[in-house]
Amino acid sequence: MGDALAGKVGLIGLAVPVLVGASAVLYALSALGAYLSVRERRWNRYSAWAAQGAWVAHTVALLGGALFGGRWTVWSAAPGAMLLVTWLAASSYQVSDALLREAGKRLGPRGQDGPGPQMAPTGLGLFLFPAIAVGLVLADVVAGWASGGLIAGPDRSVLEESWVPVHAILAATGWGLFTLAWVANLMYTTQDRSLRKLRLGPLSRLLPSLEVLDRVGLRLVVAGLLFLVAGLIPGIARAVSLWGATWFADPKVISTFLAVLAYAFHLVARVRLGWTARRASWVLNVGFILTAVNLLVATPLLSRFHQWL
Amino acid sequence: MTARLLVAGLNHRTAPVEVREKVAVPGWRLKATLRDLQEACGGEVVILSTCNRAEVYAVTDQSLPDCSCPPRGEPAALVARLAGTDDSGAPPAAEALLQHVYAYCDAEAVSHLYRVASGLDSMVLGETEILGQVKDLYEAACAAGTAGPTLHALFQGALRVGARARTETNISANAVSVPYVALGLARKVFADLSGRNALLIGTGDIGRVALRHLVEAGLGGIVAANRTLERAEEALSSLDVGTSVRCRAADLTALPQLLASSDIVVACSEAPHYILGPADLKAAAPRRRHPLLLIDLGVPRQIDPALGAREDVYLFNLDDLEGAVQANIEERRREAVKVERMVAEEVERFEAARRRKMAAPVIRHFRARAETIRTEEVERALGDLGPVSPRDRELLEAFSRRLTNRILDLPTVTLRELVAQRDGTAVLDVVGRVLHGELAVRRETRERREEADLSRDPPAGLHGTTKANGEVKGNG
């Protein structure tokens with residue numbers, strides 16, 4: 001019985017990286033389809049199929065990791081956390097894409113020689129999926145390093161405590177929302193540039209209006225901050241009790257607080273200082289760089305007590 | 001005789017408006033005209049009458065008129081019937097229309113309608129309105145009972161091609177007139193124009209056209225500003241403004257206040273200098289929460305180009321918009337090539353289905369002949385066998401049916417597929433000749449046998465010989 005279970009766990013351990021790789025490839029193909037659909041609309045269908053296939057593989061990998069433990073567990077290892085962050089971003093895509101399609105249909109201009117109500121594709125996948133594919137490949141690579149014993153394991157007993165999943169899942173959701181906000185910002189700057197240069201080609205047509213992108217991006221930053229801060233509270237409380245005043249002296253923690261500062265400044269600049277989305281876009285870029293450093297460098301390589309490998 | 005498809009009509013390319021208006025069919029006269037044409041053609045009829053074209057689609061068993069170009073009198077006569085009767089009670093002379101009328105038959109007629117529905121034949125390439133007009137007029141013919149199976153298939157195919165052209169290509173995606181390009185830009189900046197305010201500076205001729213487009217765009221509020229308030233009020237009163245749009249007139253002295261509450265500014269006055277510059281905008285709203293879209297339709301320009309450098313301003317002048325229109329027209333032309341390919345595919349699909357239907361009577365005849373032979377031969381075999389039990393008779397019947405069906409299945413399927421091919425109707429001729437040849441041989445054989453029966457009693461084996469001869473010759 002025990003051997004059989006161990007066999008199953010071993011099988012899942014083998015299957016998860018394969019599923020992660022497969023979903024990365026499918027996301028990349030979906031992004032390619034989205035790019036081709038700019039010229040040939042029929043590619044949009046294939047892009048959507050690839051995105052759905054990728055999301056299914058991604059979900060199965062996430063569930064496999066959560067059920068059978070190991071490095072792919074979302075709250076106790078960096079590859080698992082990355083899997084969750086990217087999954088949240090991909091899931092948000094399904095929702096956002098549906099909402100933006102609906103907005104495009106509702107607000108699509110009509111007229112004798114104006115565009116018809118066929119502005120369904122939103123182009124979100126074109127911007128989001130490459131980021132997700134890169135994230136998944138990096139997660140696979142990091143998990144590979146870990147299995148090769150390149151990174152030493154920390155004191156894992158803390159990871160068994162009940163508050164850890166709440167802390168990790170809330171924080172991962174926050175990072176996922178920040179990633180989406182950056183993607184919305186990328187779409188905004190692309191659309192802004194197209195309008196200013198009057199390059200109203202298929203890509204510009206594919207993207208929603210500046211106002212929609214701005215509103216979506218701002219709301220994503222607000223939601224990301226709420227989730228991340230909510231996730232940090234139990235983590236900070238436990239860290240103080242465990243390590244006292246030195247809890248702050250960790251690259252992961254420092255990069256997290258810098259990212260929170262960047263996103264908070266973005267909100268202040270937009271809401272209080274009256275900055276336009278165009279002017280504030282560099283702040284989101286800084287925030288995204290800090291997010292990437294946090295997840296891809298600080299967590300697996302530098303952190304003292306977030307080194308979940 | 002096989003039913004054939006004809007389209008006869010005229011359009012903006014072949015006839016000036018003075019001619020088109022004579023044959024335009026108003027809605028109140030459509031049903032009567034459809035009935036009149038149905039009587040004339042003796043088959044199915046749909047009329048496509050729009051601002052730019054008047055066409056009759058007909059399916060008729062009568063011998064078709066000459067569809068060559070230029071067509072002879074019959075298509076022109078059909079089109080002339082669209083005009084109804086004049087004051088003297090007579091339709092306009094068909095001869096007067098002859099030089100304007102075109103006519104296409106069968107595959108060319110299908111191709112023509114598909115091109116019309118997909119916007120390839122429109123005055124503005126790729127315009128979307130025609131598809132709705134095709135749908136409405138087809139439905140009117142359905143309601144009048146003048147559209148039959150062939151035109152149902154034809155028009156449903158046309159609606160499908162039209163929808164495909166607009167969803168699978170970008171032929172209708174870009175605006176190709178200055179007002180629509182400007183409104184398209186507004187929709188790319190703002191999510192919903194119904195909550196936005198526009199300021200129109202200048203209410204001359206261009207200003208009034210711009211005002212009409214702004215009203216139609218469904219903006220939340222519009223202020224028409226002019227140097228003199230009376231002129232602005234006059235421009236507003238000349239428009240039938242709906243209650244959903246808040247419109248008011250103002251004079252230009254209130255420009256800073258008006259700017260502060262505007263999201264879109266359209267400048268089309270005739271001032272010889274800039275009437276809007278960075279200082280005006282700064283005085284009106286030093287920090288804007290929403291972007292400002294400035295459309296400068298004036299020559300000379302009315303808005304200082306320096307404003308375009310502001311990050312909360314999107315400024316476009318007449319040259320920008322006309323350049324965008326030209327680029328969009330070019331893109332539509334490129335997309336039209338794809339639509340032409342799509343139309344060719346769909347025409348071939350329609351024609352294949354039509355040819356398959358043409359095979360149906362031949363196949364029916366073929367199988368009926370086989371059934372007759374089977375029945376005859378079963379009866380003959382039963383006669384030769386003498387008394388048989390009902391079960392044996394049933395077995396023999398079932399056996400003969402299975403045998404006939406198995407022999408006929410493959411030729412039937414093959415015949416359908418061969419006929420569906422591009423030059424498949426030639427196969428029908430061959431098969432028709434074969435079947436008629438067989439009939440002739442069998443008729444001849446039967447006559448000979450009857451003659452022989454009259455002269456002497458038939459020997460026992462004669463039936464078999466006759467059958468063998470008939471089948472061999474028939475199959476050859």
Side-chain angles (χ1 to χ4, degrees), chain A residues 37-45 100 103-104 106-121 188-216 218 270-281, chain B residues 119 122-131 163 166-177 179-181 183-194 196 213 216-217 263 286-291 293 308 310-316 320-321 323-325 327-328 331-332 334 338:
Chain A
S37 77
V38 168
R39 284 271 164 218
E40 293 270 352
R41 284 178 182 220
R42 64 198 168 94
W43 286 103
N44 194 52
R45 193 187 313 157
L100 289 174
R106 187 162 47 83
L107 303 171
R110 294 170 216 285
Q112 184 174 356
D113 62 350
Q118 74 286 3
M119 302 168 61
Y188 181 96
T189 47
T190 306
Q191 181 70 297
D192 179 78
R193 199 167 299 137
S194 302
L195 283 176
R196 285 181 191 280
K197 293 186 177 175
L198 264 178
R199 286 185 188 150
L200 305 172
L203 181 60
S204 167
R205 210 165 38 241
L206 213 61
L207 294 172
S209 68
L210 291 174
E211 191 181 359
V212 166
L213 291 169
D214 181 25
R215 198 187 301 154
V216 168
L218 206 57
R270 293 299 315 281
V271 178
R272 301 291 301 172
L273 304 180
W275 285 19
T276 61
R278 191 182 172 204
R279 189 172 180 190
S281 71
Chain B
S122 297
M123 190 181 273
V124 177
L125 182 66
E127 59 107 352
T128 52
E129 209 171 314
I130 185 67
L131 189 58
R166 283 160 183 85
T167 53
E168 293 178 25
T169 74
N170 290 322
I171 191 159
S172 306
N174 281 328
V176 288
S177 67
Y180 282 105
V181 166
L183 286 175
L185 288 167
R187 288 188 173 102
K188 279 294 165 196
V189 175
F190 303 108
D192 185 0
L193 294 186
S194 65
R196 299 290 161 195
H213 282 286
E216 285 172 3
D263 303 296
R287 271 206 319 254
R288 297 183 61 86
R289 287 202 175 274
H290 301 291
L293 177 64
R310 276 184 64 142
E311 61 190 17
D312 56 352
V313 168
Y314 296 86
L315 169 62
F316 305 103
D320 295 333
L321 299 178
V325 166
N328 291 348
E331 195 190 348
R332 282 195 181 200
R334 284 194 298 273
K338 294 179 197 167

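What you see is a predicted model; the values in this text were computed from it and never measured.
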Pick from A:Arg45, A:Arg196, A:Arg278 with the largest number of heavy-atom pairs that fall under 4.5 Å of chain B = A:Arg196
For the side chain of A:Gln191 and the backbone of A:Ser209, is there at least one donor-acceptor N/O pair under 3.5 Å apart?
-> no
At a heavy-atom separation under 4.5 Å, does B:Glu311 approach chain A through its side chain, its backbone, both, or neither?
-> both
Which bit of B:Val313 comes within less than 4.5 Å of chain A, counting heavy atoms only: side chain, backbone, both or neither?
-> backbone
A:Asp214: side chain to side chain contact (heavy atoms under 4.5 Å, CB included) partners, not counting sequence neighbours | A:Tyr188, A:Arg270, A:Ala277
Check side chain to side chain contact (heavy atoms under 4.5 Å, CB included) between A:Arg215 and all other residues, then give those that pass, not counting sequence neighbours.
-> A:Glu211, A:Arg219, B:Ala191
Search all heavy atoms of B:Tyr314 against all heavy atoms of B:Pro291 and return the closest pair with its distance.
-> CE1-CB, 3.7 Å
Pick from B:Asn328, B:Asp320, B:Leu321: which one has the most heavy-atom pairs with chain A under 4.5 Å?
-> B:Asp320
